[in-house]
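Here is the structure we will look at, set down as structure tokens.
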Amino acid sequence: MNNVHVVNHPLCCHNLSIIRDKNTSAEVFRNAIRRITYLLFYKATEDLELEDVVIETPLEKCNSKKLSNKNEIIIAPILRAGLIFSDIANEIMPYATVRHIGMYRDEQTLTPVWYYNKIPIEFNHPENKIILILDPMLATGNSAIDAIKLFTNKNVPQKNIRFVSLISAPEGLEKVQKAFPDVQIVTANIDKHLNEHGYICPGLGDAGDRIFNTVEN
Ligand code: URA
């Protein structure tokens, strides 16, 4: 799985243990995800293109580097759980464009249902767009594939697309990789399997419900 990057960092492992625990409160859950998000983005952005610049420090001129002006970074959180990532993504890349993707999962068919997307009809210079699609749970892979298609259908090259998740299921990863072998997937862990309801095991339950404190007891 060449394009799957598992961020196996001790701080990811530690914070994953916090969010997996069913007794963790929504507040603690959100904060632990935020801490993992920085580490995931370190990986997801490590090959962004740079250009040479000359900077004058208070002491002297020096050669330095800045993100290439030619690329536009697009943060695309899948609503609603992806919002937890987009706050941090926006903080570390304040010049990025945020394009929300609204879809939920039909619990019977496990297929995505669209209700909103903020993607333009066409992109100018799609080859210069860098897309970060954000969804904490890569489960069946169905929403990931639909979200990726939104961009590849508008001629964004697969290699410019990164899918960032907290936890992935092997079944979903395989499906996404088969459909889009050049898309980079960054995740904190690959769990055991999906259950019959399409939930990742051991996972953490419903990420959206736990983030937004809507777990029904
Ligand atoms: N979505 C979630 O929030 N959790 C899962 O385990 C699978 C999909």
Side-chain angles (χ1 to χ4, degrees), residues 1-5 37 40-51 66-106 109-169 171-187 198 207-208:
M1 292 202 285
N2 267 350
N3 287 328
V4 178
H5 309 281
T37 308
L40 293 175
F41 273 91
Y42 176 87
K43 187 71 199 168
T45 56
E46 71 178 2
D47 59 349
L48 289 181
E49 200 176 317
L50 293 169
E51 63 189 25
K66 278 194 167 175
L67 286 178
S68 167
N69 250 334
K70 124 179 163 238
N71 292 327
E72 183 195 355
I73 300 174
I74 298 178
I75 298 166
I78 301 185
L79 301 176
R80 67 188 159 145
L83 290 175
I84 191 86
F85 284 160
S86 61
D87 289 348
I88 305 288
N90 225 206
E91 184 186 313
I92 57 178
M93 294 175 286
Y95 31 75
T97 307
V98 183
R99 296 194 175 276
H100 295 91
I101 298 175
M103 55 172 128
Y104 65 88
R105 180 162 80 155
D106 181 309
T109 61
L110 302 183
T111 53
V113 182
W114 285 99
Y115 60 91
Y116 179 78
N117 86 59
K118 188 69 186 155
I119 314 297
I121 296 182
E122 68 181 271
F123 282 122
N124 291 327
H125 297 292
E127 71 283 4
N128 293 337
K129 309 294 179 208
I130 305 290
I131 316 291
L132 292 147
I133 302 175
L134 315 180
D135 188 352
M137 307 302 273
L138 198 176
T140 60
N142 295 335
S143 339
I145 287 176
D146 273 15
I148 294 167
K149 272 190 198 153
L150 266 182
F151 296 97
T152 53
N153 286 347
K154 296 184 196 305
N155 301 319
V156 176
Q158 283 186 39
K159 67 174 177 47
N160 291 18
I161 302 176
R162 292 110 211 247
F163 191 94
V164 183
S165 78
L166 267 180
I167 297 181
S168 302
E171 299 89 331
L173 273 181
E174 197 183 318
K175 209 172 189 179
V176 176
Q177 279 239 291
K178 215 173 186 176
F180 296 109
D182 292 330
V183 167
Q184 307 276 332
I185 301 173
V186 177
T187 188

Measuring from [X]:[atom1] to [Y]:[atom2], what's the distance to the nearest 0.5 Å?
| X | Y | atom1 | atom2 | value |
| --- | --- | --- | --- | --- |
| Ile88 | Leu134 | CD1 | CG | 11.0 Å |
| Leu166 | Thr37 | CG | OG1 | 6.5 Å |
| Leu48 | Lys66 | CG | NZ | 15.0 Å |
| Ser68 | Leu50 | OG | CG | 8.5 Å |
| Ile148 | Asn153 | CD1 | CG | 11.5 Å |
| Ser143 | Leu110 | OG | CG | 9.5 Å |

How close do [X] and [Y] get, counting heavy atoms only, and between which atoms?
| X | Y | value |
| --- | --- | --- |
| Val164 | Phe85 | O-CE1, 3.5 Å |
| Ala96 | Asn90 | O-ND2, 4.3 Å |
| Ile73 | Leu67 | CD1-CD1, 4.1 Å |
| Pro112 | Met103 | CB-SD, 3.4 Å |
| Pro157 | Pro126 | CD-O, 3.7 Å |
| Leu40 | Ser165 | CD1-O, 3.6 Å |

Non-hydrogen side-chain atoms of [X] and [Y] separated by less than 4.5 Å:
| X | Y | result |
| --- | --- | --- |
| Ile133 | Asp135 | no |
| His5 | Ile185 | no |
| Phe180 | Lys149 | yes |
| Arg99 | Ile101 | no |

- Query: Can you check side chain to side chain contact (heavy atoms under 4.5 Å, CB included) on Val4 and Leu173, steps first, answer last?
  - Reply: CA-CA 8 Å; Val4 178; Leu173 273 181; 4.2 Å; yes
- Count the heavy atoms of every other residue, nucleotide or ligand shown that sit under 6.0 Å from CD of Glu174, and state whether that count exceeds 12. no
Judged by atom type as modelled, is there a donor-acceptor pair below 3.5 Å linking the side chain of [X] to the main-chain atoms of [Y]?
| X | Y | result |
| --- | --- | --- |
| Arg162 | Gln184 | no |
| Arg105 | Gly198 | yes |
| Asn3 | Pro181 | yes |
| Asn160 | Glu127 | yes |

- Item | Flag for Lys175-Asn142: side-chain donor and acceptor within less than 3.5 Å | yes
- Under 3.5 Å, is there a donor-acceptor pair between the Gln158 and Thr152 side chains? no
- Query: So Phe151 and Phe123, would you call those rings parallel, tilted or perpendicular, with 30° and 60° as cut-offs?
  - Reply: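 The arrangement is parallel - the two ring planes meet at less than 30°.
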- Mind running salt bridge (Lys or Arg N to Asp or Glu O under 4.0 Å) on Glu49 and Lys70 for me, showing each step along the way? CA-CA 9 Å; Glu49 200 176 317; Lys70 124 179 163 238; 2.9 Å; yes
- Item | Among Glu72, Lys129, Lys118, side chain to side chain contact (heavy atoms under 4.5 Å, CB included) partner for Thr97 |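 So, applying the side chain to side chain contact (heavy atoms under 4.5 Å, CB included) to Thr97 and each of Glu72, Lys129, Lys118, only Glu72 qualifies.
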- Query: Passes side chain to side chain contact (heavy atoms under 4.5 Å, CB included), Lys159 versus Ile161? Steps please.
  - Reply: CA-CA 6 Å; Lys159 67 174 177 47; Ile161 302 176; over 6 Å; no
- For the pair Glu122 and Lys154, find out whether any cationic side-chain nitrogen is under 4.0 Å from an anionic carboxylate oxygen.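 No, this pair does not count.
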- Message: Show, in sequence, the C-alpha distance, side-chain angles and deciding distance for Phe163 and Val176, and conclude whether the side chain to side chain contact (heavy atoms under 4.5 Å, CB included) test is met.
- Response: CA-CA 10 Å; Phe163 191 94; Val176 176; 5.9 Å; no
